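To start, the structure under review is shown below, and the notes come after it.
Note: hydrogens, waters and symmetry copies are ignored here, and every other heavy atom, side chains too, is used. Below, chains carry the letters A, B, ... as their sequence lines are ordered, and counting in each starts from 1. It should be emphasised that the depicted structure is a prediction, and the values quoted were computed from it without experimental measurement.
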There are 2 protein chains.
Amino acid sequence: MSYTYEYPRPALTVDCVVFGLQQNAALKVLLIRRKLDPFKGDWALPGGFVQISESVDAAAARELKEETGVDNAYLEQLYTFGQPDRDPRERVVSVAYYALVNLSEHTLQAATDASDARWFELSVVPPMGFDHRQILECAIARLRAKIRYEPIGFELLPKMFTLSQLQQLYEQILERDLDKRNFRAKLLKMDLLIDTQQKETGVAHRAAKLYRFDMNKYQSLKRKGFSFDL
Amino acid sequence: MSYTYEYPRPALTVDCVVFGLQQNAALKVLLIRRKLDPFKGDWALPGGFVQISESVDAAAARELKEETGVDNAYLEQLYTFGQPDRDPRERVVSVAYYALVNLSEHTLQAATDASDARWFELSVVPPMGFDHRQILECAIARLRAKIRYEPIGFELLPKMFTLSQLQQLYEQILERDLDKRNFRAKLLKMDLLIDTQQKETGVAHRAAKLYRFDMNKYQSLKRKGFSFDL
DNA sequence: CCGACTTAGTGTTAAAATCACACTAATGCA
DNA sequence: TGCATTAGTGTGATTTTAACACTAAGTCGG
């Protein structure tokens, strides 16, 4: 079967920058090892071709699941990369997305299927083919900017989390230290964290309270013009 | 001539939301009247197909110039619209851009070439085909958000402008009144406006000082972590 | 030429947000 | 039982924001 058009068309792909966070670990990004040329054997962002009958968003979600096992993650369009020479074979335009997953709840199993997917700390990502390095940088910049005015950081944490975990998350992404008392005061003042009345377990020190993020309340405040601002 | 591929490919287009501002007028958007089906005769965003050997950015700039005569405008990628049914004929994915032009310096002549391009105030944009209304809303939201933390508003003004013009611009885009003294104090404190030592002419009242935006200084401050913030 | 009209330009103060800073409380473990 | 480790808490100085009203300069019309 083949398809013919009057004018040449670029191929259209999606690529996903998947950020993941594990308890007491640095922020990581998920890469897969390429099985095919070009850049066969190199690490690259998961992605693939947009099917003719699916939306571009759906293509990103599908590729993410197929290639890494990550399902139902927070997924948002990032930017479209359209330089004519970004793929050495032929003209390929790629719509990039970024995803946020918490590794405590998504199994790393599926993600490492066939052991050709791996998490890399941001400071040690290997060289990647195409313009994937640039896409990654773009995603980091977006995440860093966005986390300051939208409560997307919670997507990287388990449903219940301690204030220290939340603070560490912000410190990692923003790459600077935050004052513990100021951070806690500010977040609690927004009144969007629900005290679950539960405590951490299995830690060799005073157990911290566990909170949940009140997404419903946030959504309704947002409609009234409230701005989450760190 | 025709082009054949093993799998079907969506067509790839660009669409441009062109914002323009004229002296003492409301913010406007530039639309063209469609000459072809679908939606023949309706108003729509200027745009067209991405050529196989040009970057997507270049395609946006080219289409903007071809269809509206606008050249050298500030042009930035907005979002990629990829719903399968957004074009009734066939699968078309569109990368949307937005442009900022000041109508004092770009001639409206070229833009109204063949009288099938017109500026519309945002409050009276006519119905548009495809998902162009959604694209426009997306662009307005982006402009409104971005103008608060990047000095892109200056792109809509002539090279020299008065503080009142600048304030009116912000008031229009943000859709709220700003306090004159606070606005002036804040902007002058940033020390990014250069007093040109010239004054307005041809006004029936006290002439205001004309300023220029110091883009070089801004760029260098930005590299050092300075944040333009209104 | 002068009075009326229109927009430019200018400071102060109260309230709120931000920032820096250090100790006690709870828990597991040796 | 005491040591190690992280949780949890308040205050004061500084900066930023927000509200507010008059004088200055210039044009125009009579």
Review point. Salt bridge (charged side-chain N to carboxylate O under 4.0 Å, His left out) between A:R206 and A:E200: does it pass, once the steps are laid out?
Key: CA-CA 9 Å; A:R206 177 173 176 179; A:E200 253 182 327; over 6 Å; no
Exercise for review: Could you pull out all residues at least two apart from B:F161 that satisfy ring-ring contact (aromatic ring centres under 6.0 Å, His included)?
Suggested key: B:F154
**Study point:** B:Y149: ring-ring contact (aromatic ring centres under 6.0 Å, His included) partners, not counting sequence neighbours
**Key:**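 Applying ring-ring contact (aromatic ring centres under 6.0 Å, His included) to B:Y149 gives none.
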In whole angstrom, give the distance that lies between atom [atom1] of [X] and atom [atom2] of [N].
X	N	atom1	atom2	value
A:F183	C:dT18	CZ	C1'	15 Å
A:L178	C:dT18	CG	P	13 Å
A:Y211	D:dA7	OH	C1'	10 Å
B:L193	C:dG9	CG	P	12 Å
B:L188	C:dG11	CG	C1'	14 Å
B:R184	C:dG11	CZ	P	12 Å
A:L187	D:dG8	CG	C1'	15 Å
A:D195	D:dA7	CG	P	15 Å

Exercise for review: List the steps and the verdict of side-chain contact (heavy atoms from CB on, under 4.5 Å) for A:D214 and A:L193.
Suggested key: CA-CA 6 Å; A:D214 192 339; A:L193 297 184; over 6 Å; no
Point to revise | Annotated protein contacts, base or backbone, on nucleotides 20-30 of chain D with a non-hydrogen cut-off under 4.0 Å, one of B, S, - each | key: BB--BBBS---
Exercise for review: For side-chain contact (heavy atoms from CB on, under 4.5 Å), just list the numbers for A:K35 and A:D116, CA-CA rounded to whole Å, side-chain angles, deciding distance to a tenth of an Å, and then say yes or no.
Suggested key: CA-CA 9 Å; A:K35 293 183 187 121; A:D116 56 0; 3.0 Å; yes
Point to revise | B:R212/B:D195 ion pair, N-O < 4.0 Å | key: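 No, this pair does not count.
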Review point. Mind checking whether A:V18 and A:V29 have side chains closer than 4.5 Å, heavy atoms only?
Key: no
Check your understanding: Is the closest side-chain heavy-atom distance between A:R33 and A:D42 below 4.5 Å?
Key ->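 Result no, sub-4.5 Å side-chain heavy-atom pair not found.
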Practice item. With side-chain hydrogen bond (donor to acceptor under 3.5 Å, both in side chains) as the test, would you mind laying out the steps for B:E150 and B:Y218 before giving the verdict? Key: CA-CA 10 Å; B:E150 294 263 11; B:Y218 169 69; 2.9 Å; yes
**Study point:** Partners meeting salt bridge (Lys or Arg N to Asp or Glu O under 4.0 Å) with A:E171 (sequence neighbours left out)
**Key:**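 If we apply the salt bridge (Lys or Arg N to Asp or Glu O under 4.0 Å) test to A:E171, skipping adjacent residues, there are no hits.
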Practice item. Kindly determine whether A:V56 and B:F81 satisfy side-chain contact (heavy atoms from CB on, under 4.5 Å), including the steps that lead there. Key: CA-CA 8 Å; A:V56 178; B:F81 293 82; over 6 Å; no
Restricting both atoms to N or O, compile the protein contacts to nucleotides 14-17 of chain C shorter than 3.5 Å, with distance only.
unit_1 : atom_1 : unit_2 : atom_2 : d
C:dA17 : OP2    : A:K189 : NZ     : 3.4

Review point. Quick one, which residues of residues 148-176 of chain A touch DNA chain C with a heavy atom under 4.0 Å?
Key: none
